[in-house]
Amino acid sequence: MKSQSIAVAGGNGKLGKHIVKGLLEIKQRCSLTIVVLSRSPAPDISYAGSSAPVLDDYRIDTIILPLLRLAFTLPQENLLRAGLAFPSFRRFAPSEFAIDSDQEQGCLFFAYANKDTFEYTRLNCGIFLNYLGYGNRKPEGDKALGHLAHFPYIFDLSKRTADIPGDGGKHIVYTRTEDVGNFVAAATQLENWEEYMDMAGDVLTLNEVLHIAEDTCGSKFTVKYNSREDIVARMKPSPENVFENFFLKSLLVYIDGDCDVKRPFNLNELVDIKP
């Protein structure tokens, strides 16, 4: 059954804004109710306590979580618990936009997946293509990043540098955040959700992206290829918060194969979105 009343947790966040925009574009045509759940600054927020009345008041049937999973695993689990308390709830899309939660220790909310009262899907999109626009020197070039944070992710066009995990030869999925928002919105209108719904704007190796960046900029980049040992050696042994080693941990994901292309891009076939 198609989604009708949708809650987006973190809908004011970086990826969340793109998903909300995608939903708003189909809101009138599909007669949707869209609710944005914003977390407080408190790191120990419990969604089960703060969001339960909202889920009930708006008869939410679908919860989408474009959150940073490394920092907010517990709130995702709590929000799922909150949804299960209401008969209207029947769909759950956790923060799976980069890698699968079962490839991380400590993600427990899929223990509920054997329940017959709801369906879930893992919406995988790979690397946000927008990050390749960091350092764009054209007027208003920073708009290429959309609502994402402005920092160099692997490639820095302004400094002509590349910080590449491994040998750069693995194929990796790239999707623009704008397209992710449209894919997710379209997925809410499918009658049934598959356990995995993978989307892709393009599939390239990091070396192919490097060549494109060099051709576009008209100059060679200074390139560092990193082994697993190289990356681990750069990590802070006692980080003060979860974000300090976040970039380096994300590089390990590629070396360890967690972002390898594993399945067909079924969402590209299921919905009429042309990235």
Side-chain angles (χ1 to χ4, degrees), residues 13-19 22 65-71 93-101 103-104 122-136 141-159 161-184 196-214 216-217 221 223-226 228 231 243 245-268 273-275:
K14 297 172 177 61
L15 176 59
K17 288 179 180 178
H18 290 286
I19 291 176
L65 293 99
L67 299 172
L68 179 58
R69 188 173 56 257
L70 286 173
S95 188
E96 299 290 317
F97 293 91
I99 60 175
D100 301 338
S101 66
Q103 293 169 348
E104 282 187 27
R122 308 181 193 197
L123 293 155
N124 303 129
C125 65
I127 295 179
F128 298 130
L129 186 63
N130 309 61
Y131 280 131
L132 300 183
Y134 181 86
N136 188 330
D142 59 346
K143 289 185 176 181
L145 289 166
H147 297 295
L148 297 181
H150 290 210
F151 71 94
Y153 186 74
I154 301 180
F155 297 94
D156 186 337
L157 302 184
S158 63
K159 295 182 179 179
T161 59
D163 198 9
I164 293 178
D167 62 5
K170 288 186 176 183
H171 283 88
I172 296 173
V173 176
Y174 293 86
T175 314
R176 292 192 319 144
T177 51
E178 295 87 349
D179 292 327
V180 173
N182 291 332
F183 270 119
V184 173
Y196 292 93
M197 290 200 291
D198 294 359
M199 67 195 86
D202 208 341
V203 180
L204 298 165
T205 69
L206 291 173
N207 286 333
E208 288 173 329
V209 174
L210 173 62
H211 295 321
I212 293 171
E214 289 178 333
T216 301
C217 294
F221 278 40
V223 182
K224 177 176 174 53
Y225 288 99
N226 298 272
R228 198 179 204 287
I231 296 170
F243 297 101
N245 288 328
F246 178 75
F247 170 71
L248 295 172
K249 285 184 177 180
S250 73
L251 297 186
L252 290 180
V253 166
Y254 300 112
I255 290 180
D256 294 343
D258 292 341
C259 283
D260 289 356
V261 178
K262 300 179 180 67
R263 298 173 295 271
F265 305 115
N266 56 338
L267 191 54
N268 287 58
I273 300 297
K274 307 301 180 187

Taking atom types as modelled, is there a side-chain donor on Asn207 or Tyr225 under 3.5 Å from an acceptor on the other? yes
Roughly how far apart are Leu132 CG and Leu157 CG, rounded to 0.5 Å? 7.5 Å
Output, in order, the C-alpha distance, side-chain angles, deciding distance and verdict of side chain to side chain contact (heavy atoms under 4.5 Å, CB included) for Ile273 and Asn268. CA-CA 7 Å; Ile273 300 297; Asn268 287 58; over 6 Å; no
When rounded to the nearest 0.5 angstrom, what distance separates OG in Ser250 from CD1 in Ile154? 6.5 Å
Could you give the distance from CZ (Arg176) to NE2 (His18), rounded to the nearest 0.5 Å? 9.0 Å
Rounded to the nearest 0.5 Å, how far does CG of Asn124 lie from CE of Met197? 10.0 Å
d(Phe183 CZ, Phe265 CZ) to nearest 0.5 Å is 10.0 Å
Minimum heavy-atom distance Asn130-Thr175, with the two atoms named: OD1-O, 4.3 Å
Tell me, yes or no, whether the heavy-atom count around Lys14 atom NZ, taken from other residues, nucleotides or ligands under 6.0 Å, exceeds 12. no
Let's go through Phe155 and Tyr131 carefully: what are the C-alpha distance in whole Å and the side-chain angles of both, what is the deciding distance for ring-ring contact (aromatic ring centres under 6.0 Å, His included) to 0.1 Å, and is it a yes or a no? CA-CA 8 Å; Phe155 297 94; Tyr131 280 131; over 10 Å; no
Heavy atoms only: give me the nearest Tyr254-Lys170 pair and the separation to one decimal. O-NZ, 3.1 Å
Over all atoms of both residues, closest heavy-atom pair of Val173 and Met199: CG1-O, 3.5 Å
Evaluate the criterion side chain to side chain contact (heavy atoms under 4.5 Å, CB included) for residue pair Leu267 and Tyr196; output intermediate values, then yes/no. CA-CA 9 Å; Leu267 191 54; Tyr196 292 93; over 6 Å; no
Of all heavy-atom pairs linking Gly22 and Asn182, the shortest is CA-OD1, 3.8 Å
Taking all non-hydrogen atoms of both residues, which atom of Thr205 and which atom of Gly169 are closest, and how far apart? CG2-O, 3.3 Å
Ignoring hydrogens and geometry, is there a side-chain-to-backbone donor-acceptor pair from Asp179 to Lys274 under 3.5 Å? no
Using side-chain heavy atoms (C-beta onward) and a distance below 4.5 Å, is Val223 in contact with Ile164? yes
In short, Leu206 meets Tyr174 closest at the heavy-atom pair CD2-OH, 3.0 Å
Verdict with supporting geometry, Asp198 and Arg122, salt bridge (charged side-chain N to carboxylate O under 4.0 Å, His left out): CA-CA 8 Å; Asp198 294 359; Arg122 308 181 193 197; over 6 Å; no
Indicate yes or no for a side-chain donor-acceptor contact from Asn226 to the backbone of Gly166 under 3.5 Å, with no hydrogens or angles considered. no
Polar side chain donor-acceptor pair, Asp156 to Ser158, under 3.5 angstrom: yes
Atom pair CD1 (Ile231) and CD1 (Ile255), whose distance is rounded to the nearest 0.5 Å: 3.5 Å
Charged N-O contact under 4.0 Å between Lys224 and Asp163: no
